[in-house]
Undergrad: 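Can you keep this structure in mind? I'll have questions shortly.
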Amino acid sequence: MNFVFVTGGAGFIGHNVCKRLLDEGYDIVSLDNFNDYYDVSLKEENFDSVLNLAKKLNRQAIMYRDDVRNKAIIEEIIKTYKPIAVIHLAQNAGVRPSIEKPLHYIDVNINGMVNILEVMKEYDLKKMVFISSSSIYGNNKKIPFKETDFVDNPISPYAATKKSCELFASTYHSLYKFDIHCLRYFTVYGPCQRPDLAINKFTRLMIQDKEIEMYGDGSSARDYTYVDDIVEGTILSFKYLLKNSDVFDVFNLGGSNPIKLKELIDIIALTLNKKPKIKVLPMQKGDVDITYSDYSHAQEVLGYNPKVKIEEGIKNFVNWYKKKYEKN
Ligand SMILES: NC(=O)c1ccc[n+]([C@@H]2O[C@H](COP(=O)([O-])OP(=O)(O)OC[C@H]3O[C@@H](n4cnc5c(N)ncnc54)[C@H](O)[C@@H]3O)[C@@H](O)[C@H]2O)c1
């Protein structure tokens, strides 16, 4: 049995990573505290779909409903299942709430990360894919963003915790020869997307013929990346780490195609056949003007090649959304 330890397996991206690993012939053990940052029933559904797939494929999917800061539980997981690697996604993910609760973000994101690294060290488990974020680039003026760019100017506590985790990843590589990749995800979307993220929010409000709050003049832009492409990049990284040693690296996983906010609203409206009602508000603190990935490093080293165009991805999201909420 080859177990992979995926933290955050009930989350939007985490449950998709779990399913892909099952498809690839691995068993999975996960740790997720099912917190109420958003509707917990969505997390239950996410992990139920993992369990269903595991059953169908006759593979194992184990969930520990606990916290990444609980050392004893992580010890139990690693001791019991002897995973071959860790994919660490379980962190506080929102940018704006991190401004309200910086200490909570430090506690979960940084302490949680170091907690896992420490237990891994004790049990001689030294392969980790750490999920970082494009938020690390702050409001850097040079675009597209490259992994070699200066990133010491985060504009949210969330981004500062991601940068700190990358530093700890590098520290454990230097001190204890951990093999680690840090994957900087660029705004991920697709079916099951978190309800606090723009595409989900705008779709919900447009379907209800309600007003959409647009922060800024609509010219801010995001490099939206479809969830299947992100999962593909994550699995490529995981496989690379299994095959190689003495590795520390950082990769952008994006789509190299920033879409302006107003353009995004128009694409969703067109897909829904609605006329959006837009209320313009000032830009929010912590929000960056643009994210734009140069993913050539991931392409060269991992063979990462994102495929899904925004129109197609939004169509898939809207179809999923309608099916789900028509059903209920
Ligand atoms: N969604 C994006 O656009 C995006 C972009 C960049 C980076 N990321 C990163 O990807 C990862 C997954 O993001 P997501 O969008 O799937 O978010 P998500 O909130 O859906 O998933 C995170 C999961 O981790 C769990 N979790 C949170 N705190 C925990 C704790 N203390 N102990 C145990 N479990 C805990 C949550 O219950 C949740 O199920 C996060 O690390 C996030 O920062 C996401």
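For ligands, and for the atoms within them, numbers begin at 1 and follow the listed sequence. When a residue number appears, it is its place in the shown sequence, counting from 1.
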Undergrad: Is there a path from Ile73 to Phe5 through hydrophobic residues (I, L, V, M, F, W, Y) whose side chains come within less than 4.5 Å of each other?
TA: yes

Undergrad: Who's touching ligand 1 if we go heavy atoms under 4.0 Å?
TA: Gly8, Ala10, Gly11, Phe12, Ile13, Asp32, Asn33, Phe34, Asn35, Tyr38, Lys43, Asp66, Asp67, Val68, Leu89, Ala90, Gln91, Ala93, Val108, Ile131, Ser132, Ser133, Tyr158, Lys162, Tyr185, Thr187, Val188, Arg194, Leu197

Undergrad: If you look only at distance, which donor and acceptor atoms sit under 3.5 Å apart when one is on a side chain in residues 26-35 and the other is two or more places apart or in another chain?
TA:
{"unit_1": "Asp27", "atom_1": "OD1", "unit_2": "Arg59", "atom_2": "NE", "d": "3.4"}
{"unit_1": "Asp27", "atom_1": "OD1", "unit_2": "Gln60", "atom_2": "N", "d": "2.8"}
{"unit_1": "Ser30", "atom_1": "OG", "unit_2": "Val6", "atom_2": "O", "d": "2.6"}
{"unit_1": "Ser30", "atom_1": "OG", "unit_2": "Gly9", "atom_2": "N", "d": "3.1"}
{"unit_1": "Asp32", "atom_1": "OD1", "unit_2": "Phe34", "atom_2": "N", "d": "2.8"}
{"unit_1": "Asp32", "atom_1": "OD2", "unit_2": "Ala10", "atom_2": "N", "d": "3.1"}
{"unit_1": "Asn33", "atom_1": "OD1", "unit_2": "Asn35", "atom_2": "N", "d": "3.2"}
{"unit_1": "Asn33", "atom_1": "OD1", "unit_2": "Asn35", "atom_2": "ND2", "d": "3.2"}
{"unit_1": "Asn33", "atom_1": "ND2", "unit_2": "Asp67", "atom_2": "OD2", "d": "3.4"}
{"unit_1": "Asn35", "atom_1": "OD1", "unit_2": "Tyr37", "atom_2": "N", "d": "3.1"}
{"unit_1": "Asn35", "atom_1": "OD1", "unit_2": "Lys43", "atom_2": "NZ", "d": "3.0"}

Undergrad: Please report the C-alpha distance between Leu253 and Tyr304 in whole Å, then the side-chain angles of each, then the deciding distance to 0.1 Å, and finally whether the side chain to side chain contact (heavy atoms under 4.5 Å, CB included) criterion is met.
TA: CA-CA 8 Å; Leu253 293 188; Tyr304 170 71; 3.9 Å; yes

Undergrad: Could you work out the complete set of other residues in the hydrophobic cluster of Ile143, with links drawn between I, L, V, M, F, W and Y side chains under 4.5 Å apart?
TA: Ile136, Tyr137, Phe145, Val151, Phe186, Ile290, Tyr292

Undergrad: Can you give the donor-acceptor pairs under 3.5 Å from side chains of residues 274-283 to other protein atoms, not counting sequence neighbours?
TA:
{"unit_1": "Lys274", "atom_1": "NZ", "unit_2": "Asp209", "atom_2": "OD1", "d": "3.3"}
{"unit_1": "Lys277", "atom_1": "NZ", "unit_2": "Asp209", "atom_2": "O", "d": "2.8"}

Undergrad: With salt bridge (charged side-chain N to carboxylate O under 4.0 Å, His left out) as the test, would you mind laying out the steps for Arg20 and Glu24 before giving the verdict?
TA: CA-CA 6 Å; Arg20 178 65 192 275; Glu24 297 264 343; 2.9 Å; yes

